[in-house]
Amino acid sequence: MSEIKSVFKSGSAEAHTLLSENGYYGNYGGSFIPEILVPAFEEISKQFEVIKNDEAFWQEYCALLADYSGRPTPLTYADRLTEHFGRAKIYVKREDLNHTGAHKLNNALGQAMLAKKMGKTRIIAETGAGQHGVATATVAAKLGLSATIYMGREDMERQYANVFWMRRLGAEVVAVDYGSQTLKDAINETLRDWVSSFETTHYVLGTASGAHPFPAIVAFFQSIIGIEAKQQIIQAAGQLPSHVYACVGGGSNALGIFQAFYPHDEVQLVGVEAGGQGKESGNHAARIAYGEGMPGVAQGYKTMFLQNKDGQMHDTHSIAAGLDYVGVSPILTDLSEKGRVQFAAATDAEVIDALEVVMKTEGLIPALESTHAFAGAFQHLAESSRSDIFIINMSGRGDKDIFNVAEGLRDEEWKAFIQQKNKQYND
Ligand SMILES: *Cc1c(COP(=O)(O)O)cnc(C)c1O
């Protein structure tokens with residue numbers, strides 16, 4: 001516990017490298033919110049500054065990260081994967097071993113504790129794939145808060161296992177029936193709830209996007225990933241990595257690992273977006289890598305959105321539900337424009353191929369989201385040398401993806417099993 005606390009506190013330089021100016025990161029970010037929510041945002045900004053220097057808060061937060069969530073997560077040397085390609089040495093940061101199976105809990109726990117500090121008794125959240133919903137329902141149970149999770153109807157059908165667990169954990173899950181019935185609609189509905197409930201309720205936003213100060217808060221709570229990884233790689237390899245890869249949905253796991261390496265210009269930071277069915281197909285969520293996002297203001301902030309000239313949002317697609325979002329962190333958009341973070345995209349097909357290689361060489365089952373980071377790294381391996389060191393952020397574990405992976409691999413035996421189960425229920 002003290003090990004975490006000694007590196008992860010407000011004074012930690014690594015967690016403070018990406019400060020905004022008045023809520024802006026270059027040309028992006030800001031806070032475009034309904035008048036009625038201004039006091040709620042001001043309260044959060046103020047309390048966030050307070051808790052950063054609150055010794056009791058850090059004591060409790062770091063104790064829970066260590067004894068409840070299982071931090072620090074390991075950095076694993078992928079020796080067989082390294083030999084498979086015969087180029088750069090590959091290390092994997094294991095957020096799959098964090099409680100609830102992904103990085104999401106680092107932020108959900110921090111914000112739920114912030115909510116309690118502000119005297120709130122209820123937390124609400126949006127969720128796309130359901131991972132953030134599960135993390136939020138989990139910390140609500142652990143801290144004794146009530147929770148309501150908004151989720152698009154279409155996402156509920158695609159990710160029913162997570163809906164099941166959120167409800168068993170005691171959260172109310174509300175289906176959002178309008179628009180594309182996915183993440184962006186769930187965000188709008190959560191904001192609608194908050195407008196009439198902020199006196200008692202905190203909105204636990206799940207990624208490093210949205211109106212200021214949410215990108216800053218989420219990036220801050222996730223910065224523990226990179227702080228640990230930097231110490232671990234120096235211990236394991238005696239030097240900094242040449243490249244760090246992370247998948248990018250809203251941007252929280254990527255910023256979480258990138259921040260510690262940001263001051264070291266020699267470390268290349270690469271964000272990997274969802275290439276879906278490829279650039280030409282139009283079915284993807286590559287806002288930056290495919291150069292198709294356009295600057296705009298929506299959902300409370302300014303960033304690159306996949307939209308048409310009239311500001312109508314495009315439908316997005318990815319085999320990984322957690323990467324399927326029209327916007328992206330304003331912090332990453334800025335870092336991309338400044339050339340500090342490079343962007344790549346991996347298609348659904350590349351991701352399925354990469355997953356098979358990782359499973360068979362390393363015995364690891366990364367989430368489909370995280371597999372994008374592996375696939376992006378594999379695209380660059382051919383040009384790398386044996387003296388290069390890659391760190392791949394494995395943001396979560398893949399058990400949740402069994403339905404999509406079985407479909408992607410066209411697994412006939414799995415299909416027969418599902419048909420058999422279906423028959424059992426109907427008899
Ligand atoms: C939610 C999720 C993501 C995408 O969200 P970011 O905010 O971009 O990190 C990626 N990987 C996993 C495992 C997730 O659950």
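Start at 1 and go down the list; that is how both ligands and their atoms are numbered. On a predicted model such as this, the values are computed, not experimentally measured, just so you know. All residue numbers refer to positions in the sequence shown, counting from 1.
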What about Tyr245 and His380, are their ring centers closer than 6.0 Å?
-> yes
Qualifying residues under ring pair (Phe, Tyr, Trp, His ring centres under 6.0 Å), relative to Tyr24, sequence neighbours excluded = none
Close N/O pairs between ligand 1 and protein, under 3.5 Å:
unit_1   : atom_1 : unit_2 : atom_2 : d
ligand 1 : 7 (O)  : Thr207 : OG1    : 2.5
ligand 1 : 7 (O)  : Gly251 : N      : 3.4
ligand 1 : 7 (O)  : Ser252 : N      : 2.8
ligand 1 : 7 (O)  : Ser252 : OG     : 2.7
ligand 1 : 8 (O)  : Gly249 : N      : 2.8
ligand 1 : 8 (O)  : Gly250 : N      : 3.1
ligand 1 : 8 (O)  : Gly251 : N      : 2.8
ligand 1 : 9 (O)  : His103 : NE2    : 3.0
ligand 1 : 9 (O)  : Ser252 : OG     : 3.2
ligand 1 : 9 (O)  : Asn253 : N      : 2.9
ligand 1 : 9 (O)  : Asn253 : ND2    : 2.8
ligand 1 : 11 (N) : Ser395 : OG     : 2.7
ligand 1 : 15 (O) : Lys104 : NZ     : 2.8

Geometric class of the Phe214/Tyr203 ring pair [parallel <30°, tilted 30-60°, perpendicular >60°] | tilted
How about Tyr301 and Tyr28: are their ring centroids closer than 6.0 Å?
-> no
What pairs with Tyr68 under ring pair (Phe, Tyr, Trp, His ring centres under 6.0 Å), at least two apart in sequence or on another chain?
-> His99
With sequence neighbours left out, what residues match Glu42 under side-chain contact (heavy atoms from CB on, under 4.5 Å)?
-> Val38
